[in-house]
Amino acid sequence: MSVDAIVHTEFPKGYTVLFGADGKVIMAPQSFEHSSTIKSMQYDTIVSLGRHAKTASYVYIDFPADENSAPDLAILREDARREGKRYSFEDVLLISEVVSTSSARKDYDDCTAKYGRYGIPIYLVVDPYAQEVVLHTRPTGTGYIAAHTHKYGTGKLPIPLADGRTFTLDLDELPRPEPETDAR
């Protein structure tokens with residue numbers, strides 16, 4: 001897409017538009033629930049793994065022979081090293097995607113298949129609208145063998161990582177959508 005085309009394009013309201021160095025345009029829907037949920041998970045990574053744990057949000061991760069991903073949250077191995085400007089899928093211990101109204105099919109189906117195919121040990125689907133977290137483990141070539149659903153408000157969910165550390169997601173603190181009110 002040319003600079004002129006970008007300048008004259010009207011992007012949909014409620015989306016964050018990112019321009020990749022490789023010429024890709026990424027449109028990510030942003031809602032208060034989406035943003036707050038990511039912030040809550042980031043806080044839990046600091047509490048569980050420490051301030052300097054290697055984590056990323058909206059940062060490209062290389063998936064060879066596939067479209068690269070910029071997940072809502074990724075926890076990386078402590079010894080992970082960038083190859084060029086990016087980390088490899090081989091460095092990832094956990095990926096979490098937060099469901100938005102426009103991304104449900106992608107997060108529940110497409111990403112589950114992709115992350116399983118690449119052997120990502122843990123894939124979390126966090127759904128503020130259903131108020132549940134789906135924990136996928138035991139990756140296969142087509143997805144994951146195990147999927148366990150945990151409801152918001154049911155305490156702390158310890159998630160053992162492949163490197164021996166434990167990420168604890170506080171299900172009591174995940175933000176819930178506020179009821180919509182009339183516009184002012």
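Because the structure is a prediction, the values reported are computed rather than measured.
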* Inspect the surroundings of NZ in Lys106 and state if more than 12 heavy atoms from other residues, nucleotides or ligands are less than 6.0 Å away. => yes
Check: Do the side chain of Ser88 and the main chain of Asp91 share a donor and acceptor less than 3.5 angstrom apart?
Finding: no
Is Asp163 salt-bridged to Arg77, going by a charged N under 4.0 Å from an acidic O?
no
>> With a sphere of 6.0 Å drawn around CZ of Arg82, does it hold more than 12 non-hydrogen atoms of other residues, nucleotides or ligands?
In response: no
- Message: When you compare the side chain of Arg117 with that of Phe63, does any pair of heavy atoms fall below 4.5 Å?
- Response: no
Looking only at heavy atoms, the pair that brings Leu49 and Thr166 closest together is CD2-O, 3.5 Å
- Task: Report yes or no: do Val99 and Leu174 belong to one cluster of Ile/Leu/Val/Met/Phe/Trp/Tyr joined by side chain heavy-atom distances under 4.5 Å?
- Result: no
Side chains of Pro128 and Tyr152: does their closest heavy-atom pair fall under 4.5 Å? yes
With clusters defined by side-chain heavy atoms of hydrophobic residues (ILVMFWY) lying less than 4.5 Å apart, directly or transitively, does Leu73 cluster with Leu124?
yes
Quick check on the hydrophobic clustering: are Val126 and Tyr58 connected, directly or via other members, by side-chain heavy-atom contacts under 4.5 Å? yes
| field | Thr45 vs Met41 side-chain heavy atoms within contact, under 4.5 Å | value | no
Worksheet item: Would you say Thr37's side chain and Glu33's backbone share a donor-acceptor pair under 3.5 angstrom?
Response: yes
*asked:* Are the side chains of Tyr87 and Val59 in contact, using a 4.5 Å heavy-atom criterion?
replied: no
**Prompt:** Side-chain contact, heavy-atom cut-off 4.5 Å: Ser48 with Arg165?
**Reply:** no
Check: Can you check whether Asp72's main-chain N or O pairs, donor with acceptor, with Ser57's side chain at less than 3.5 Å?
Finding: yes
Keeping Asp62 on the side-chain end and Pro64 on the backbone end, is there a donor-acceptor pair under 3.5 Å?
no
Next on the checklist: Centre-to-centre under 6.0 Å for Phe89 and Tyr115, is that the case here?
Outcome noted: no
Given Asp170 and Tyr43, is the side-chain hydrogen bond (donor to acceptor under 3.5 Å, both in side chains) satisfied, shown in steps? CA-CA 10 Å; Asp170 192 340; Tyr43 177 79; over 6 Å; no
Look at the side chain of Tyr144 and the backbone N and O of Ile120, then say whether any donor-acceptor pair between them is shorter than 3.5 Å.
yes
